[in-house]
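Naming convention: chains lettered A, B, ... in sequence-line order (proteins, then strands); numbering from 1 in each chain. Basis for what follows: all heavy atoms, side chains included, without hydrogens, waters or symmetry-related copies.
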Number of protein chains: 2
Amino acid sequence: MTTTGTTTRKQREIEAREQLILDIAARMLLERGYLGMTMDLVADATEYSKGTIYNHFSSKEELLAGLVAHTGMMRQEMFRRAAAFSGRPRERMTAIGAAIDLFVALHPEHFRAEQIVMADSIRHKVSPERQHAFVAAEQGCMEIVGGIVTDALRAGDLTLPDEVAPPALIFGLWTMSYGGHSIIEGKPTLAEMGIPDPHGALRRNQQAVMDGFGWAPLTHEWDYENTRAWVLQEVFPDEARDAGFI
Amino acid sequence: MTTTGTTTRKQREIEAREQLILDIAARMLLERGYLGMTMDLVADATEYSKGTIYNHFSSKEELLAGLVAHTGMMRQEMFRRAAAFSGRPRERMTAIGAAIDLFVALHPEHFRAEQIVMADSIRHKVSPERQHAFVAAEQGCMEIVGGIVTDALRAGDLTLPDEVAPPALIFGLWTMSYGGHSIIEGKPTLAEMGIPDPHGALRRNQQAVMDGFGWAPLTHEWDYENTRAWVLQEVFPDEARDAGFI
DNA sequence: CGCCATTATTGACGCAACGTCAGACACTGC
DNA sequence: GCAGTGTCTGACGTTGCGTCAATAATGGCG
């Protein structure tokens, strides 16, 4: 038998199968919810037996955690590309916002899986290694965004009061983004409540947070919707097309 | 047999039992999570049989929805009292923030139950009546907050740009609050990420949103932490004591 | 090529939890 | 006391998670 590099044919087969399981589980989670995603159905859909599925993921919780870790890494990669956008720090933060919107559109199962996995009762069944995988992705995103804030402080575009540390500002944008996408996903009646374009409202509110901390240039001095359009076109052309954003 | 008013002894017994079931289910949901809250255990803990539990709630999902409806009504009541605080509109909005913090501290199971119930796969198993119960509570809260924004606009404390409707501003505060409490609950490692006081950071960020829309008086012109302390003491003395806030 | 050791795969099985329902039970009016 | 009405019960059918003994595939070696 020949091997290519350091991986045998068998190892590559196993890796491909793991990807297949994740893809099918993701679709099933979206279409049928957590309870509707049964290990038997996953086994059937992949055309492997239950035992084989359990060789990859030792429990249903591990499989979910695998989903979160996988999409979490993709998110970090999208953050990295967004942060590399050349422009003023607040434009780069706007690019991060665009990246999140795209990410949510392309991987709508991520937040749902994350919410389930984060519940204590589920999380303590997940192996430390896999937990570390998605915690690291989260930390990575925080650090990327933290770098943008640092650049803004250095450039003099932003001056935070003493009682507000940079991570606290990031926390504000994070909470709004997280809550916004959770609510948009969970409440189909926002339009009846007077919010016909929740995604637009979310963007406008995130700009308001930055305005509130005096992060230059302010909303009325700069067209950040234009920056966003530019980011979608230049940084994420493929993703924006796939998500139907352009 | 004698009856008091329009309710028989039996009816009152049933009502008290429903309350008992809800209390025990809430505690169990908190301590053991959604999967750990089994109908058999609820039956055991209440010292009734499973059949009797199912006379009150026709499924586990209905029981969960019952929890959400129950605490949702309590939340609406707390919003009502907070909005009645006498002060400038932005102070009253700050009072709403304090009410939410107290509510989350006193009923930590609410958001968790709500997230579970809101997943499509669960929600479509819940009876329309009970769904209406908690949608109505949500709408009620929105209307109360909407009234405060309207007052602010009338008083001239707030002027929104054309593209931002009042519900869109409320949406911003809502998403931040929802996401904030979800994240605080779900991520035990915020301190390691540089956010040692997430509740404080959340409050500061919500004030930033209002600052961002120019809602007078701005943060640097008014001590809203002081307003909050006053609200806790005057409007919610009992709740603040129970939650350990004062 | 044929043989055996090792590894991978399978699906029937044990167990736990949801929801049901036939029968036991309690209460009321006569 | 007794019939009738409404309430309560827990054993049972079903489904889904996770296991493991049996089976199949793989690969090294004479």
Report the distance from atom [atom1] of [X] to atom [atom2] of [N], rounded to the nearest whole Å.
X: I14(B); N: dT7(D); atom1: CD1; atom2: C1'; value: 8 Å
X: I53(B); N: dG10(D); atom1: CD1; atom2: P; value: 12 Å
X: F57(A); N: dT9(C); atom1: CZ; atom2: P; value: 14 Å
X: Y48(A); N: dA25(D); atom1: OH; atom2: P; value: 14 Å
X: N55(A); N: dC20(D); atom1: CG; atom2: P; value: 13 Å
X: E18(A); N: dT9(C); atom1: CD; atom2: P; value: 12 Å

If you restrict it to nitrogen or oxygen atoms, what contacts under 3.5 Å exist between nucleotides 17-23 of chain C and the protein, and what is each distance?
| residue | atom | partner | partner atom | Å |
| --- | --- | --- | --- | --- |
| dC18(C) | OP1 | M39(B) | N | 3.1 |
| dC18(C) | OP1 | K60(B) | NZ | 3.4 |
| dC18(C) | OP2 | M39(B) | N | 2.9 |
| dC18(C) | OP2 | D40(B) | OD1 | 3.3 |
| dG19(C) | OP2 | Y54(B) | OH | 2.8 |
| dG19(C) | OP2 | K60(B) | N | 2.9 |
| dG19(C) | N7 | K50(B) | NZ | 2.8 |
| dG19(C) | O6 | K50(B) | NZ | 2.4 |

Within the pair T52(A) and dT10(C), is there a side-chain N or O less than 4.0 Å away from OP1 or OP2?
yes
Counting just side-chain N and O atoms, does R32(A) come under 4.0 Å of either OP1 or OP2 of dG16(D)?
no
Check the pair S182(B), Q115(B) against side chain to side chain donor-acceptor pair (under 3.5 Å), reporting the backbone distance first and the verdict last.
CA-CA 9 Å; S182(B) 297; Q115(B) 278 182 4; 3.0 Å; yes
Where does the angle between the aromatic ring planes of F111(A) and Y178(A) fall among parallel (under 30°), tilted (30 to 60°) and perpendicular (over 60°)?
tilted
Applying the side-chain contact (heavy atoms from CB on, under 4.5 Å) criterion to H107(A), which one of R75(A), M74(A), R112(A) satisfies it?
M74(A)
Using modelled atom types and a 3.5 Å cut-off, is there a donor and acceptor pairing between side-chain atoms of R17(A) and backbone atoms of R12(A)?
no
Approximate separation, where rounding is to 0.5 Å, of N55(B) CG and S49(B) OG
8.0 Å
Just distance, no hydrogens or angles: give the donor-acceptor pairs under 3.5 Å from side chains in residues 238-246 of chain B, sequence neighbours left out.
| residue | atom | partner | partner atom | Å |
| --- | --- | --- | --- | --- |
| D238(B) | OD1 | R241(B) | NH2 | 3.0 |
| E239(B) | OE1 | R81(B) | NH2 | 3.4 |
| E239(B) | OE2 | R81(B) | NH1 | 2.9 |
| E239(B) | OE2 | R81(B) | NH2 | 3.4 |

